[in-house]
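Below: one structure, written as structure tokens.
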Amino acid sequence: MRRVAPDFQRARRPEQVEARRAAILGAARELLAERPVSRISLRELSDRVGLAKSNVLRYFDSREAVFLEVLDSVWVAWLDELEAELSVPDGAKPAYERVAAVIATSISRQRLLCELISTMAAVLERNISVETARTFKTRAGERTERLAGLVRAHAPLDAEAAEHFAKAVFILVAGLWPYANPGEAVATVMAERGTPAGPAMFVDGLTEGLANQLVGLVVRAGQSPEW
């Protein structure tokens, strides 16, 4: 459905530019709630916000740049939630299992974040300007550092090892998410073979992968894996 945008002349003042950008990002989020990013075109996005495609491109240099901006915002929101979740004690599990399970369970609830992470390297980072790439990568580095810091508060890792782990979180999510959310035909066959896809597959696989990463990094640092 095309949204009729009131008085969408070219923005000239900073607050007008921000209002246009916010409208475009809001429309992008609406569309992402309806379908995967791979099925959303620039034309659909411009129709939803009520602008011509050329006008959308005045505020973002491509369709992909819009979704990278959405990715960054949901990434920050998830880290805010994760910080609180990691602070809840659970003495029933070894620390490495608890940290891995908390991260895996927490990010599994962020469907939009997982969807965008899974398309980031192959799709969203491909059709953007150098300036957009520079801005996004700078922010991504900051988010990775923050995740590394959260993990270091709960695991005996140095800064380098914690950063390695933080990067591994997103690599594992990027690989596991599409595998755990296949098309209908593949999902049917996987169920027939006794390995149904879905949230449980994603959380279990991610927990196992992250736990192995943590144990390996801690042991390499000369620490006991049962910290």
Side-chain angles (χ1 to χ4, degrees), residues 5 8-33 35-83 103 106-107 110-152 159-160 162-175 177-178:
F8 257 129
Q9 290 125 10
R10 184 169 185 176
R12 299 188 183 280
R13 296 195 300 272
E15 61 270 23
Q16 291 176 320
V17 172
E18 285 308 307
R20 303 299 191 270
R21 286 173 60 87
I24 293 166
L25 292 171
R29 282 176 172 269
E30 288 179 5
L31 287 166
L32 286 165
R35 63 186 77 113
V37 65
S38 61
R39 292 170 51 198
I40 301 172
S41 67
L42 179 59
R43 179 175 295 280
E44 288 176 303
L45 178 58
S46 62
D47 283 349
R48 179 63 64 97
V49 77
L51 289 171
K53 289 195 297 182
S54 59
N55 286 337
V56 171
L57 295 176
R58 287 175 176 168
Y59 305 104
F60 296 92
D61 60 46
S62 66
R63 177 193 81 110
E64 290 76 10
V66 176
F67 294 118
L68 283 177
E69 190 80 14
V70 175
L71 168 56
D72 184 64
S73 66
V74 294
W75 194 343
V76 171
W78 173 62
L79 289 171
D80 290 341
E81 292 187 10
L82 179 64
E83 184 170 8
I103 292 174
S106 177
I107 203 168
Q110 306 294 327
R111 185 174 186 87
L112 178 54
L113 176 58
C114 293
E115 168 75 18
L116 293 175
I117 288 172
S118 72
T119 62
M120 184 178 78
V123 177
L124 299 184
E125 294 184 334
R126 299 290 173 171
N127 182 36
I128 56 176
S129 67
V130 171
E131 186 56 37
T132 293
R134 183 178 293 116
T135 298
F136 177 71
K137 284 303 189 183
T138 298
R139 291 176 177 175
E142 292 169 355
R143 312 313 174 219
T144 300
E145 280 186 25
R146 183 178 175 194
L147 177 56
L150 294 178
V151 172
R152 286 191 74 191
E160 183 178 1
E163 184 174 357
H164 176 94
F165 176 80
K167 291 176 180 177
V169 171
F170 290 94
I171 292 170
L172 288 169
V173 168
W177 183 257

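- Within the 3.5 Å criterion, the main-chain N or O of Tyr59 finds a donor-acceptor partner in the side chain of Arg21.
- For the pair Ile40 and Phe67, the minimum side-chain heavy-atom distance is below 4.5 Å.
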Next item on the list: Carefully, step by step, assess Arg152 and Glu145 under the rule salt bridge (charged side-chain N to carboxylate O under 4.0 Å, His left out).
Entry: CA-CA 10 Å; Arg152 286 191 74 191; Glu145 280 186 25; over 6 Å; no

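- Between Leu51 and Ile24 there is a side-chain heavy-atom pair separated by less than 4.5 Å.
- Side-chain N or O atoms of Thr132 include none that pairs as donor or acceptor with a backbone N or O of Ala65 at under 3.5 Å.
- Ion pairing of Arg134 with Glu131 is present here, as a side-chain N (NZ or NE/NH1/NH2) and a carboxylate O approach within less than 4.0 Å.
- In this structure, Ser41 OG and Arg43 CZ are separated by 7.5 Å, a value rounded to the nearest 0.5 Å.
- Put simply, the side chain of Arg63 never gets that close to the backbone of Asn127: no donor and acceptor are under 3.5 Å apart.
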Notebook entry, point to check: Does the pair Arg48 and Glu44 meet the rule for a salt bridge (charged side-chain N to carboxylate O under 4.0 Å, His left out), with working shown?
Noted result: CA-CA 6 Å; Arg48 179 63 64 97; Glu44 288 176 303; over 6 Å; no

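- Here the CD1-CH2 distance, from Ile117 to Trp177, works out to 10.0 Å after rounding to the nearest 0.5 Å.
- Looking only at side-chain heavy atoms (C-beta outward), Leu68 and Arg139 stay at 4.5 Å or farther from each other.
- Residue-environment remark: CD (Glu142) exceeds the threshold of 12 foreign heavy atoms within 6.0 Å.
- Arg146 places a side-chain heavy atom less than 4.5 Å from the side chain of Asp80.
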